[in-house]
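Since the structure comes first, as structure tokens, the remarks are kept for the end.
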Amino acid sequence: MVRVLLGIGSNVERYRHVGLALDALQEMFGELSVSPVYESEPVGFSGSNFLNLAVGFHTELPVPELSQRLKQMELDFGRRPDAPRFSPRTLDLDILTYGDEIGVVAGVELPRGEILKNAFVLKPLADIAPIETHPVNGRCYRDLWQDYSTDQRLWPVDFSWQGRQISAAVS
């Protein structure tokens with residue numbers, strides 16, 4: 001079994017798609033570790049704000065099969081395969097880490113470069129796996145977040161899933 005950390009994002013019917021994605025991931029992989037949910041402005045294009053979070057789970061699936069299942073889930077949730085990279089999306093599922101794997105495996109960059117670039121990826125990761133370490137630089141996600149500096153804004157939002165509160169907006 002390999003520990004996988006996954007990033008989830010949506011800016012089209014955000015609450016609905018994030019909740020349905022969590023349901024589908026739980027059905028596929030069992031118990032999930034779920035970070036708080038954050039709202040953030042889109043990066044690279046103008047559009048509606050995103051909801052972003054990270055989840056962790058264990059799987060026996062190899063990277064190619066995991067990636068294929070996640071891509072199929074995105075399509076099942078209405079993501080257009082021909083949509084530009086920087087555009088609105090119903091669901092974005094990104095493999096952030098796959099154990100300690102480093103390199104490009106079946107077209108998947110491991111660990112994902114966005115971890116160190118985007119607040120909406122690093123902050124949820126620091127919440128869900130604070131003492132786990134980045135496979136390349138060896139620093140824990142909590143320390144990486146503490147040292148992170150950018151003008152990207154994100155803020156926690158109220159979000160409940162399966163009857164429990166995952167996150168709460170800060171007043």
Side-chain angles (χ1 to χ4, degrees), residues 4-26 32-57 63 66-98 104 106-130 132 134 136-137 141-142 144-161 165-171:
V4 173
L5 295 171
L6 188 75
I8 301 175
S10 175
N11 76 335
V12 175
E13 296 182 58
R14 309 172 310 167
Y15 285 86
R16 177 177 171 267
H17 285 118
V18 168
L20 291 172
L22 289 171
D23 289 342
L25 290 167
Q26 182 182 49
L32 303 176
S33 301
V34 182
S35 79
V37 178
Y38 294 92
E39 184 169 359
S40 64
E41 297 167 343
V43 173
F45 68 98
S46 295
S48 302
N49 286 350
F50 276 82
L51 290 186
N52 293 100
L53 67 153
V55 298
F57 55 85
V63 173
L66 175 61
S67 177
Q68 178 55 39
R69 285 193 187 190
L70 296 174
K71 285 183 190 326
Q72 186 60 53
M73 189 183 303
E74 290 175 339
L75 295 174
D76 292 346
F77 280 81
R79 183 164 176 175
R80 292 184 31 229
D82 59 344
R85 180 168 182 232
F86 294 109
S87 64
R89 57 200 61 164
T90 54
L91 188 61
D92 192 19
L93 301 171
D94 295 320
I95 301 170
L96 303 176
T97 64
Y98 183 88
V104 177
V108 178
E109 174 192 18
L110 297 169
R112 190 168 180 91
E114 283 185 308
I115 292 171
L116 301 176
K117 294 177 185 164
N118 290 315
F120 61 83
V121 177
L122 182 56
K123 176 58 174 147
L125 203 51
D127 290 333
I128 195 174
E132 290 185 41
H134 188 278
V136 173
N137 69 25
Y141 296 113
R142 177 189 57 225
L144 288 167
W145 176 249
Q146 287 173 345
D147 293 344
Y148 185 79
S149 177
T150 184
D151 59 353
Q152 291 179 5
R153 296 183 330 111
L154 75 157
W155 52 96
V157 297
D158 290 328
F159 192 89
S160 294
W161 175 59
Q165 187 167 11
I166 301 298
S167 60
V170 176
S171 301

Under a 4.5 Å cut-off applied to non-hydrogen side-chain atoms, are Asp94 and Val121 in contact?
-> no
Any side-chain heavy-atom pair of Asp92 and Glu74 under 4.5 Å | yes
Between Pro111 and Val136, which heavy-atom pair has the shortest distance, and what is it?
-> CD-CG2, 3.7 Å
Name the orientation class of the two ring planes belonging to Tyr141 and His134 (parallel below 30°, tilted from 30 to 60°, perpendicular beyond 60°).
-> perpendicular
Do Glu132 and Thr97 come within less than 4.5 Å of each other through their side chains, counting heavy atoms only?
-> no
Minimum heavy-atom distance between Ile128 and Gly56, given as atom pair plus value | CD1-N, 3.3 Å
Considering non-hydrogen atoms only, spot the tightest contact between Ser48 and Asn11 and give its length.
-> O-ND2, 3.1 Å
Could you go step by step and tell me if Asn118 and Asn52 meet the side chain to side chain contact (heavy atoms under 4.5 Å, CB included) rule?
-> CA-CA 11 Å; Asn118 290 315; Asn52 293 100; over 6 Å; no
For the residue pair Asn137 and Leu116, establish whether any side-chain heavy-atom pair is separated by less than 4.5 Å.
-> yes
Between CD of Glu41 and CG of Leu154, what distance do you get to the nearest 0.5 Å?
-> 10.0 Å
What distance separates Leu144 CG from Leu125 CG, expressed to the nearest 0.5 Å?
-> 9.0 Å
Is the distance between the ring centroids of Phe159 and Tyr15 less than 6.0 Å?
-> yes
Rounded to the nearest 0.5 Å, how far apart are CZ of Phe120 and CG of Asn49?
-> 12.0 Å
Would you mind reporting whether Leu6 and Phe57 have side-chain heavy atoms less than 4.5 Å apart?
-> yes
CE on Met73 to CD1 on Ile8, rounded to 0.5 Å | 8.5 Å
Indicate the atoms forming the closest heavy-atom contact of Tyr38 with Pro156, along with that distance.
-> CD2-N, 3.6 Å
Answer yes or no: is there a side-chain heavy-atom contact under 4.5 Å between Leu22 and Leu53?
-> yes
Report yes if the side chains of Gln165 and Asp158 come closer than 4.5 Å at any heavy-atom pair, otherwise no.
-> yes
Which atom pair, heavy atoms only, marks the closest approach of Ile95 to Arg112?
-> O-CB, 3.7 Å
Do Ser10 side-chain atoms and Leu91 backbone N/O form a donor-acceptor pair below 3.5 Å?
-> no
Which distance, rounded to the nearest 0.5 Å, do you find between the CG of Leu93 and the CZ of Phe77?
-> 8.0 Å
Measure across Ser35 and Ile166 and return the closest heavy-atom pair with its distance rounded to 0.1 Å.
-> O-CG2, 3.1 Å
First locate atom OG1 of Thr90, then atom NE2 of His17, and finally report the distance between them rounded to the nearest 0.5 Å.
-> 5.0 Å
